[in-house]
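Let me begin by presenting the structure, written as C-alpha coordinates, before commenting on it.
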Amino acid sequence: MWTVAGQSLKSRMFIGSALYESPAVMQEALIASGADVVTVSLRRQGSDAKTANGFWQFLRELNLRILPNTAGCRTEQEAVTTANLAREIFGTNWIKLEVIGDDYALHPDPFQLLSTAKTLIAQGFEIFPYCTADLVVAQRLVDAGCNILMPLAAPIGTGLGITDLRSLETLRERLPKVTLIVDAGLGKPSHAAQVMELGYDGILLNSAVALADDAVKMARAFKTAVVSGRLGFEAGLMKPRKSASASTPVIGTPFWQQSQTVSVVES
(Lines give C-alpha, C1' and ligand atoms only; values in the text may rest on other atoms or scores of the structure.)
Protein backbone atom coordinates (compact mmCIF):
# COMPACT_ATOMS: atom_id res chain seq x y z
CA MET A 1 0.00 0.00 0.00
CA TRP A 2 1.07 3.59 -0.59
CA THR A 3 -0.61 6.94 -0.22
CA VAL A 4 -1.28 9.60 -2.82
CA ALA A 5 -3.32 12.73 -2.14
CA GLY A 6 -4.52 11.22 1.12
CA GLN A 7 -5.76 7.99 -0.46
CA SER A 8 -4.28 4.55 0.14
CA LEU A 9 -3.70 2.60 -3.06
CA LYS A 10 -2.58 -0.96 -3.70
CA SER A 11 -1.19 -0.39 -7.20
CA ARG A 12 1.39 2.12 -8.38
CA MET A 13 0.01 1.97 -11.89
CA PHE A 14 -2.60 4.46 -13.10
CA ILE A 15 -4.31 3.62 -16.36
CA GLY A 16 -6.20 5.47 -19.07
CA SER A 17 -9.61 4.63 -20.51
CA ALA A 18 -9.24 5.73 -24.16
CA LEU A 19 -8.47 3.98 -27.45
CA TYR A 20 -9.69 0.48 -26.55
CA GLU A 21 -11.40 -1.48 -29.29
CA SER A 22 -14.51 -1.82 -27.12
CA PRO A 23 -15.76 -0.98 -23.62
CA ALA A 24 -15.66 -4.69 -22.78
CA VAL A 25 -11.97 -4.96 -23.67
CA MET A 26 -11.29 -1.79 -21.71
CA GLN A 27 -13.01 -3.23 -18.68
CA GLU A 28 -11.10 -6.49 -18.86
CA ALA A 29 -7.77 -4.70 -19.35
CA LEU A 30 -8.39 -2.40 -16.41
CA ILE A 31 -9.08 -5.39 -14.21
CA ALA A 32 -5.93 -7.15 -15.44
CA SER A 33 -3.82 -4.06 -14.72
CA GLY A 34 -4.69 -4.14 -11.03
CA ALA A 35 -4.87 -0.33 -11.08
CA ASP A 36 -6.89 1.50 -8.45
CA VAL A 37 -7.12 4.72 -10.48
CA VAL A 38 -8.39 5.31 -14.01
CA THR A 39 -8.12 8.57 -15.93
CA VAL A 40 -11.11 9.87 -17.84
CA SER A 41 -11.41 12.62 -20.41
CA LEU A 42 -14.53 14.64 -19.73
CA ARG A 43 -14.58 16.09 -23.24
CA ARG A 44 -14.37 12.82 -25.11
CA GLN A 45 -16.90 10.99 -23.04
CA GLY A 46 -19.37 13.84 -23.14
CA SER A 47 -19.51 14.02 -26.93
CA ASP A 48 -21.99 11.15 -27.37
CA ALA A 49 -24.59 10.54 -24.68
CA LYS A 50 -25.36 6.93 -25.64
CA THR A 51 -21.72 5.89 -25.82
CA ALA A 52 -20.91 7.82 -22.67
CA ASN A 53 -23.64 6.07 -20.70
CA GLY A 54 -22.29 2.67 -21.68
CA PHE A 55 -18.78 3.74 -20.86
CA TRP A 56 -19.76 4.94 -17.39
CA GLN A 57 -21.65 1.78 -16.70
CA PHE A 58 -18.49 -0.26 -17.31
CA LEU A 59 -16.42 2.02 -15.09
CA ARG A 60 -18.97 1.97 -12.27
CA GLU A 61 -18.87 -1.81 -12.24
CA LEU A 62 -15.12 -1.68 -11.60
CA ASN A 63 -15.46 0.70 -8.65
CA LEU A 64 -12.16 2.43 -9.44
CA ARG A 65 -11.16 5.87 -8.30
CA ILE A 66 -11.69 8.37 -11.13
CA LEU A 67 -8.98 10.85 -12.06
CA PRO A 68 -10.62 13.26 -14.54
CA ASN A 69 -8.29 15.06 -16.91
CA THR A 70 -8.36 18.26 -18.91
CA ALA A 71 -7.12 16.65 -22.12
CA GLY A 72 -7.42 18.91 -25.13
CA CYS A 73 -7.35 22.16 -23.14
CA ARG A 74 -5.00 24.86 -24.40
CA THR A 75 -5.82 27.79 -22.18
CA GLU A 76 -6.29 28.42 -18.49
CA GLN A 77 -9.93 29.29 -19.00
CA GLU A 78 -10.64 25.99 -20.81
CA ALA A 79 -8.83 23.95 -18.17
CA VAL A 80 -10.51 25.66 -15.21
CA THR A 81 -13.95 25.23 -16.77
CA THR A 82 -13.29 21.55 -17.52
CA ALA A 83 -11.94 20.92 -14.02
CA ASN A 84 -15.00 22.41 -12.38
CA LEU A 85 -17.34 20.41 -14.59
CA ALA A 86 -15.42 17.25 -13.71
CA ARG A 87 -15.64 18.01 -9.98
CA GLU A 88 -19.38 18.45 -10.28
CA ILE A 89 -19.91 15.26 -12.31
CA PHE A 90 -17.53 12.92 -10.52
CA GLY A 91 -17.61 14.39 -7.04
CA THR A 92 -13.83 14.52 -6.73
CA ASN A 93 -11.32 17.31 -6.26
CA TRP A 94 -8.66 15.32 -8.11
CA ILE A 95 -7.78 16.64 -11.53
CA LYS A 96 -5.05 15.65 -13.97
CA LEU A 97 -4.15 19.02 -15.34
CA GLU A 98 -3.17 19.16 -18.99
CA VAL A 99 -2.68 22.48 -20.77
CA ILE A 100 -1.17 21.74 -24.15
CA GLY A 101 1.15 24.30 -25.71
CA ASP A 102 2.21 22.58 -28.92
CA ASP A 103 -0.14 20.67 -31.20
CA TYR A 104 2.60 18.61 -32.83
CA ALA A 105 4.57 17.42 -29.79
CA LEU A 106 1.60 17.77 -27.41
CA HIS A 107 3.98 19.28 -24.89
CA PRO A 108 2.48 21.17 -21.96
CA ASP A 109 2.58 24.95 -21.92
CA PRO A 110 4.60 25.63 -18.74
CA PHE A 111 3.33 29.19 -18.33
CA GLN A 112 -0.36 28.35 -18.70
CA LEU A 113 0.16 25.22 -16.60
CA LEU A 114 1.63 27.13 -13.67
CA SER A 115 -1.00 29.84 -13.79
CA THR A 116 -3.83 27.30 -14.03
CA ALA A 117 -2.40 25.21 -11.21
CA LYS A 118 -2.40 28.24 -8.90
CA THR A 119 -6.03 29.00 -9.79
CA LEU A 120 -7.26 25.44 -9.26
CA ILE A 121 -5.36 24.98 -5.99
CA ALA A 122 -7.01 28.15 -4.71
CA GLN A 123 -10.35 26.54 -5.62
CA GLY A 124 -9.57 23.45 -3.54
CA PHE A 125 -8.40 21.01 -6.23
CA GLU A 126 -5.69 18.35 -5.79
CA ILE A 127 -3.63 18.87 -8.92
CA PHE A 128 -1.87 16.16 -10.90
CA PRO A 129 -0.05 18.39 -13.39
CA TYR A 130 1.22 16.88 -16.64
CA CYS A 131 4.58 18.59 -17.17
CA THR A 132 7.96 18.24 -18.78
CA ALA A 133 10.97 17.03 -16.81
CA ASP A 134 12.29 20.59 -16.58
CA LEU A 135 13.55 21.08 -13.00
CA VAL A 136 12.76 24.80 -12.85
CA VAL A 137 9.17 24.32 -14.01
CA ALA A 138 8.76 21.43 -11.57
CA GLN A 139 10.05 23.50 -8.67
CA ARG A 140 7.71 26.37 -9.55
CA LEU A 141 4.75 23.98 -9.54
CA VAL A 142 5.78 22.65 -6.14
CA ASP A 143 6.20 26.20 -4.83
CA ALA A 144 2.67 26.91 -6.05
CA GLY A 145 1.33 24.07 -3.90
CA CYS A 146 1.48 20.99 -6.12
CA ASN A 147 2.21 17.85 -4.07
CA ILE A 148 2.25 15.61 -7.12
CA LEU A 149 3.96 16.00 -10.50
CA MET A 150 3.49 13.98 -13.67
CA PRO A 151 6.54 14.51 -15.89
CA LEU A 152 6.51 12.96 -19.35
CA ALA A 153 8.97 10.28 -20.41
CA ALA A 154 8.39 11.03 -24.11
CA PRO A 155 5.69 12.78 -26.15
CA ILE A 156 2.15 11.46 -25.65
CA GLY A 157 1.36 8.32 -27.59
CA THR A 158 4.87 7.71 -28.96
CA GLY A 159 5.84 4.70 -26.87
CA LEU A 160 9.49 5.78 -27.06
CA GLY A 161 10.24 5.26 -23.39
CA ILE A 162 12.54 7.58 -21.46
CA THR A 163 14.10 10.08 -23.87
CA ASP A 164 15.75 12.29 -21.23
CA LEU A 165 16.96 9.97 -18.50
CA ARG A 166 19.17 12.49 -16.76
CA SER A 167 16.35 15.01 -16.33
CA LEU A 168 14.08 12.39 -14.75
CA GLU A 169 16.91 11.33 -12.45
CA THR A 170 17.48 14.95 -11.46
CA LEU A 171 13.81 15.48 -10.63
CA ARG A 172 13.84 12.46 -8.35
CA GLU A 173 17.05 13.56 -6.64
CA ARG A 174 16.03 17.19 -6.16
CA LEU A 175 12.39 16.63 -5.18
CA PRO A 176 12.58 13.64 -2.83
CA LYS A 177 9.37 14.47 -0.94
CA VAL A 178 7.19 15.13 -3.98
CA THR A 179 5.07 12.32 -5.42
CA LEU A 180 6.37 11.76 -8.94
CA ILE A 181 4.34 9.78 -11.45
CA VAL A 182 5.66 9.45 -14.99
CA ASP A 183 2.97 10.10 -17.55
CA ALA A 184 3.18 9.67 -21.32
CA GLY A 185 5.63 8.00 -23.67
CA LEU A 186 5.92 4.55 -22.13
CA GLY A 187 5.58 1.80 -24.74
CA LYS A 188 7.01 -1.35 -23.19
CA PRO A 189 6.81 -3.03 -19.80
CA SER A 190 10.59 -2.60 -19.55
CA HIS A 191 10.07 1.18 -19.77
CA ALA A 192 7.81 1.01 -16.75
CA ALA A 193 10.33 -1.07 -14.82
CA GLN A 194 13.06 1.45 -15.64
CA VAL A 195 10.94 4.32 -14.33
CA MET A 196 10.22 2.49 -11.11
CA GLU A 197 13.90 1.59 -10.66
CA LEU A 198 14.63 5.33 -10.66
CA GLY A 199 12.55 5.64 -7.52
CA TYR A 200 9.45 7.13 -9.08
CA ASP A 201 6.25 6.61 -7.16
CA GLY A 202 4.16 5.39 -10.07
CA ILE A 203 3.33 5.50 -13.75
CA LEU A 204 0.32 6.40 -15.83
CA LEU A 205 -0.18 4.94 -19.28
CA ASN A 206 -2.87 4.32 -21.85
CA SER A 207 -1.79 3.77 -25.46
CA ALA A 208 0.73 1.02 -24.75
CA VAL A 209 -2.04 -1.14 -23.30
CA ALA A 210 -5.03 -0.01 -25.35
CA LEU A 211 -3.23 -0.38 -28.70
CA ALA A 212 -1.52 -3.70 -27.97
CA ASP A 213 -2.61 -6.73 -29.97
CA ASP A 214 -3.75 -8.22 -26.68
CA ALA A 215 -4.64 -5.34 -24.38
CA VAL A 216 -5.50 -7.57 -21.46
CA LYS A 217 -2.23 -9.46 -21.55
CA MET A 218 -0.28 -6.21 -21.97
CA ALA A 219 -2.02 -4.72 -18.94
CA ARG A 220 -0.91 -7.73 -16.96
CA ALA A 221 2.65 -7.35 -18.26
CA PHE A 222 2.82 -3.70 -17.16
CA LYS A 223 1.41 -4.60 -13.77
CA THR A 224 4.23 -7.09 -13.25
CA ALA A 225 6.87 -4.67 -14.55
CA VAL A 226 5.80 -1.94 -12.14
CA VAL A 227 6.00 -4.31 -9.20
CA SER A 228 9.41 -5.64 -10.31
CA GLY A 229 10.84 -2.15 -10.87
CA ARG A 230 9.68 -0.95 -7.47
CA LEU A 231 11.11 -4.03 -5.76
CA GLY A 232 14.42 -3.42 -7.53
CA PHE A 233 14.51 0.19 -6.31
CA GLU A 234 13.65 -0.76 -2.74
CA ALA A 235 16.24 -3.56 -2.77
CA GLY A 236 18.97 -1.12 -3.80
CA LEU A 237 20.46 -1.42 -7.26
CA MET A 238 24.20 -1.98 -7.53
CA LYS A 239 26.28 0.91 -8.83
CA PRO A 240 27.59 0.39 -12.39
CA ARG A 241 31.34 -0.19 -12.62
CA LYS A 242 33.66 0.73 -15.46
CA SER A 243 35.83 -2.38 -15.14
CA ALA A 244 35.11 -6.08 -14.75
CA SER A 245 35.02 -7.61 -11.29
CA ALA A 246 34.93 -11.36 -10.72
CA SER A 247 31.92 -12.49 -8.78
CA THR A 248 33.66 -15.71 -7.67
CA PRO A 249 36.03 -15.19 -4.67
CA VAL A 250 39.60 -16.41 -5.29
CA ILE A 251 41.07 -15.74 -1.80
CA GLY A 252 42.72 -18.88 -0.47
CA THR A 253 42.97 -20.55 -3.87
CA PRO A 254 46.43 -21.70 -4.95
CA PHE A 255 47.96 -19.33 -7.50
CA TRP A 256 48.02 -21.92 -10.29
CA GLN A 257 44.30 -22.52 -9.71
CA GLN A 258 43.61 -18.75 -9.50
CA SER A 259 44.88 -18.34 -13.06
CA GLN A 260 42.49 -21.09 -14.14
CA THR A 261 39.63 -19.38 -12.30
CA VAL A 262 40.38 -16.03 -13.98
CA SER A 263 40.46 -17.75 -17.36
CA VAL A 264 37.05 -19.26 -16.72
CA VAL A 265 35.62 -15.90 -15.60
CA GLU A 266 37.06 -14.08 -18.61
CA SER A 267 35.77 -16.68 -21.02
Side-chain angles (χ1 to χ4, degrees), residues 4-7 14-20 23 26 30 35-60 62 64-132 137-138 140-142 144-152 155-157 179 181-185 202-207 210:
V4 58
Q7 297 294 317
F14 292 20
I15 193 164
S17 55
L19 305 177
Y20 292 91
M26 176 199 72
L30 265 54
D36 301 299
V37 178
V38 59
T39 61
V40 174
S41 171
L42 185 65
R43 288 186 168 206
R44 182 178 67 83
Q45 301 307 333
S47 61
D48 183 317
K50 184 177 180 180
T51 301
N53 288 336
F55 174 82
W56 292 126
Q57 183 58 38
F58 278 104
L59 283 186
R60 288 192 193 98
L62 297 178
L64 299 177
R65 185 172 185 92
I66 302 296
L67 174 59
N69 66 55
T70 62
C73 293
R74 289 171 171 75
T75 67
E76 177 175 347
Q77 183 177 0
E78 288 179 350
V80 169
T81 299
T82 302
N84 278 283
L85 285 171
R87 179 160 62 180
E88 182 177 341
I89 293 171
F90 300 112
T92 177
N93 67 337
W94 285 19
I95 190 74
K96 182 186 170 220
L97 179 59
E98 294 184 28
V99 186
I100 299 302
D102 182 88
D103 288 338
Y104 180 74
L106 295 179
H107 271 206
D109 181 330
F111 309 103
Q112 293 275 335
L113 182 67
L114 179 59
S115 177
T116 308
K118 290 178 179 177
T119 298
L120 292 177
I121 289 171
Q123 295 180 5
F125 282 92
E126 185 69 64
I127 306 297
F128 293 66
Y130 166 64
C131 59
T132 64
V137 173
R140 295 291 182 273
L141 287 166
V142 173
C146 293
N147 302 308
I148 303 154
L149 298 179
M150 304 188 81
L152 58 86
I156 293 174
T179 298
I181 301 171
V182 161
D183 176 19
I203 66 161
L204 188 155
L205 76 161
N206 189 163
S207 300

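The two residues Phe90 and Val40 make their nearest non-hydrogen contact at CZ-CG1, 4.1 Å. For the pair Gly124 and Asn93, the tightest heavy-atom approach, listed with the atom from each and the gap, is O-ND2, 3.3 Å. Between Cys131 and Leu141, the closest heavy-atom pair is CB-CD1, 4.0 Å. For the residue pair Thr92 and Ile66, the shortest heavy atom distance occurs at CG2-O, 4.1 Å. The shortest non-hydrogen separation linking Phe128 to Ala5 is CZ-CB, 4.4 Å. Contact record, Ala117 with Ile127: O-CG1, 4.3 Å, taken as the closest heavy-atom pair.
Residues Pro108 and Leu97 have side chains not in contact (no heavy-atom distance under 4.5 Å, counting atoms from C-beta outward). Looking at heavy atoms from C-beta onward, His107 lies in side-chain contact with Thr132 at the 4.5 angstrom threshold. At least one side-chain heavy atom of Ile156 sits less than 4.5 Å from a side-chain heavy atom of Tyr130.
Taking CG of Leu120 as the reference point, atom CD of Glu126 lies at 11.5 Å (rounded to 0.5 Å). Asp36 CG to Ile15 CD1: the interatomic distance, rounded to the nearest 0.5 Å, is 11.5 Å. Here the CD1-CG distance, from Ile100 to Leu113, works out to 9.5 Å after rounding to the nearest 0.5 Å. Atom CG of residue Asp183 and atom CD of residue Glu98 lie 6.5 Å apart, to the nearest 0.5 angstrom. Here the OG1 atom belonging to Thr116 is positioned 10.0 Å from the CD atom belonging to Glu78, to the nearest 0.5 angstrom. Going from atom CG of Asp109 over to atom CG of Asp102 covers 10.0 Å, rounded to the nearest 0.5 Å.
No more than 12 heavy-atom neighbours from other residues, nucleotides or ligands sit within 6.0 angstrom of CD on Gln77.
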In sequence, state the C-alpha distance, the side-chain angles, and the governing distance for Asn206 and Tyr20, and then conclude on side-chain contact (heavy atoms from CB on, under 4.5 Å).
-> CA-CA 9 Å; Asn206 189 163; Tyr20 292 91; 4.1 Å; yes
side-chain contact (heavy atoms from CB on, under 4.5 Å) between Gln7 and Val37, worked out = CA-CA 11 Å; Gln7 297 294 317; Val37 178; over 6 Å; no
Yes or no on side-chain contact (heavy atoms from CB on, under 4.5 Å) for Trp94 and Ile148, after CA distance, side-chain angles and deciding distance?
-> CA-CA 11 Å; Trp94 285 19; Ile148 303 154; over 6 Å; no
Mind running side-chain contact (heavy atoms from CB on, under 4.5 Å) on Asn84 and Phe125 for me, showing each step along the way?
-> CA-CA 9 Å; Asn84 278 283; Phe125 282 92; 3.9 Å; yes
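A donor-acceptor pair is defined here as one N or O able to donate and one able to accept, closer than 3.5 Å; such a pair exists between the side chain of Ser17 and the backbone of Thr39.
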